[in-house]
J.: 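Please read through the structure below; I'll follow up with questions.
The sequence lines fix the lettering, A, B, ..., with proteins before strands; numbering per chain opens at 1.
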2 protein chains.
Amino acid sequence: MEKTSGLPFQQLLKERGLKSTRQRDEIARVFMESADHLSVDELCQRVRQKNPRIGYATVYRTLKLLAQSGWASARQFGQRTARFEHRTEGEHHDHLICLICGKIVEFASGRIEELQSRIAQKKGFRIFDHKLELYGHCADCLAKKEMTGKEVREKATNE
Amino acid sequence: MEKTSGLPFQQLLKERGLKSTRQRDEIARVFMESADHLSVDELCQRVRQKNPRIGYATVYRTLKLLAQSGWASARQFGQRTARFEHRTEGEHHDHLICLICGKIVEFASGRIEELQSRIAQKKGFRIFDHKLELYGHCADCLAKKEMTGKEVREKATNE
DNA sequence: ATGATTTTGAAATTCATTTTCAAAATATCA
DNA sequence: TGATATTTTGAAAATGAATTTCAAAATCAT
Ligand SMILES: [Zn+2]
Ligand SMILES: [Zn+2]
Ligand SMILES: [Zn+2]
Ligand SMILES: [Zn+2]
């Protein structure tokens with residue numbers, strides 16, 4: 001029973017009547033230590049480096065717990081497989097996604113958020129979350145297109 | 001071979017070396033005549049009122065053609081099933097989605113689009129498409145919550 | 001410990017979407 | 001026109017991400 005740093009996730013589990021287990025703690029820890037935009041596969045692989053017996057289902061379940069309790073949030077990025085990132089109270093960022101190479105670049109714009117609130121208010125909505133995704137071609141891929149002079153047809157594989 | 005109005009979709013098929021068929025024309029026509037945010041199921045049902053023998057696969061395939069050629073665009077709205085809407089050159093709108101009743105409200109903001117372009121430019125991206133989705137509770141559902149004084153737990157079913 | 005409760009992981013299931021493939025429709029051209 | 005090549009269709013099978021099932025294992029409260 002190694003203590004996995006003072007992750008408030010365990011606190012939270014207790015509050016919800018859930019148990020803090022070796023698996024959950026490990027998954028939460030690895031998730032919090034990883035860079036954003038991980039797929040479940042990727043997270044599962046990393047987790048298994050420490051404990052190879054952890055099942056996919058548990059990773060999915062824990063990720064859901066993390067999401068429900070505000071530590072993680074799932075993003076779709078135009079693909080079928082979800083990617084997860086950290087969520088920090090009050091902070092928010094959105095994404096530029098390259099349709100060719102799959103690169104994901106983050107940005108934040110208080111101006112846009114402000115305009116969003118105003119629109120929501122006008123329409124009578126109370127907003128809890130939002131997603132702003134800009135799809136296009138990144139600088140690198142634009143340069144490559146320039147080189148070949150051809151339209152690049154391959155789809156982003158995110159591999 | 002009834003002519004289904006001057007839908008440029010047929011023109012486009014020809015340009016791409018694809019055939020204009022009874023099924024494709026019918027699916028495209030029904031799609032273009034329908035309100036936005038249809039699911040594939042819903043479109044398929046409507047199409048089958050005219051021709052009950054049209055298969056799901058063909059609806060999916062035609063919708064993909066429509067999307068690739070710029071007539072339709074697919075949206076996800078936080079659910080697993082896609083919804084399709086018309087796309088008009090140069091026009092764009094985004095969405096407010098009620099997490100309780102599933103209501104979808106459209107909006108457009110030139111100010112936001114402008115800020116988006118500026119961000120993309122700064123990051124070296126060339127943007128072709130974007131999605132801005134605001135998730136929250138609509139006025140009606142907020143009113144109901146007020147009435148009961150309780151948090152409403154049901155998820156949007158979009159039924 | 002004892003027994004109740006929760007969690008786990010492998011396998012099965014779900015469900016939207018895609019693919020397969022043989023039959024049907026359509027185009028090409030002699 | 002008829003013969004042949006190509007494309008499209010639709011039913012059924014396959015895919016693939018995510019969820020559920022369930023018996024075994026872990027954990028909790030006496
Ligand atoms: Zn790129
Ligand atoms: Zn991010
Ligand atoms: Zn509502
Ligand atoms: Zn719309």
J.: Without decimals, in angstroms, what is the distance between Asn51(A) CG and dT8(C) C1'?
T.: 11 Å
J.: Rounded to the Å, how far apart are Leu65(A) CG and dA18(D) C1'?
T.: 15 Å
J.: Between atom CZ in Arg16(B) and atom P in dA27(C), what is the gap in whole Å?
T.: 19 Å
J.: Quick test of your reading of the model: are Arg22(B) and Glu26(B) salt-bridged, counting only N-O distances below 4.0 Å?
T.: no
J.: May I ask you to say whether Arg75(B) pairs ionically with Asp36(B), meaning some side-chain N is under 4.0 Å from a carboxylate O?
T.: no
J.: Are Ile97(A) and Ile112(A) connected in the hydrophobic side-chain network, where two residues link if heavy atoms are under 4.5 Å apart?
T.: no
J.: For the helix from dA1(C)-dT30(D) to dA30(C)-dT1(D), figure out the bend between the end axes, five pairs an end, and round to 10 degrees.
T.: 20°
J.: Any salt bridge (charged side-chain N to carboxylate O under 4.0 Å, His left out) pairs touching residues 104-117 of chain A, not counting sequence neighbours?
T.: Glu114(A)-Arg118(A)
J.: Just how far, in rounded Å, is C1' of dA18(D) from CD of Gln79(A)?
T.: 16 Å
J.: Can you name the residues that form a ring-ring contact (aromatic ring centres under 6.0 Å, His included) with Phe31(B), not counting sequence neighbours?
T.: His86(B)
J.: Report the distance from atom CZ of Arg22(A) to atom P of dA25(D), rounded to the nearest whole Å.
T.: 13 Å
J.: At a cut-off of 3.5 Å, list every protein nitrogen or oxygen paired with a nitrogen or oxygen from nucleotides 2-8 of chain D, distance to 0.1 Å.
T.:
residue	atom	partner	partner atom	Å
dT7(D)	O4'	Lys19(B)	NZ	3.2
dT8(D)	OP1	Lys19(B)	N	3.0
dT8(D)	OP1	Arg24(B)	NH1	2.9
dT8(D)	OP1	Arg24(B)	NH2	3.4

J.: By the 4.0 Å heavy-atom rule, please label Arg61(B) as base, sugar-phosphate, or nothing.
T.: base
J.: Base contacts versus sugar-phosphate-only contacts with protein, heavy atoms under 4.0 Å: please encode nucleotides 11-17 of chain C as B, S and - from 5' to 3'.
T.: -----SB
J.: Scan for ring-ring contact (aromatic ring centres under 6.0 Å, His included) pairs involving residues 95-115 of chain A, sequence neighbours excluded, and state none if there are none.
T.: His37(A)-His95(A), Phe77(A)-His95(A), His93(A)-His95(A)
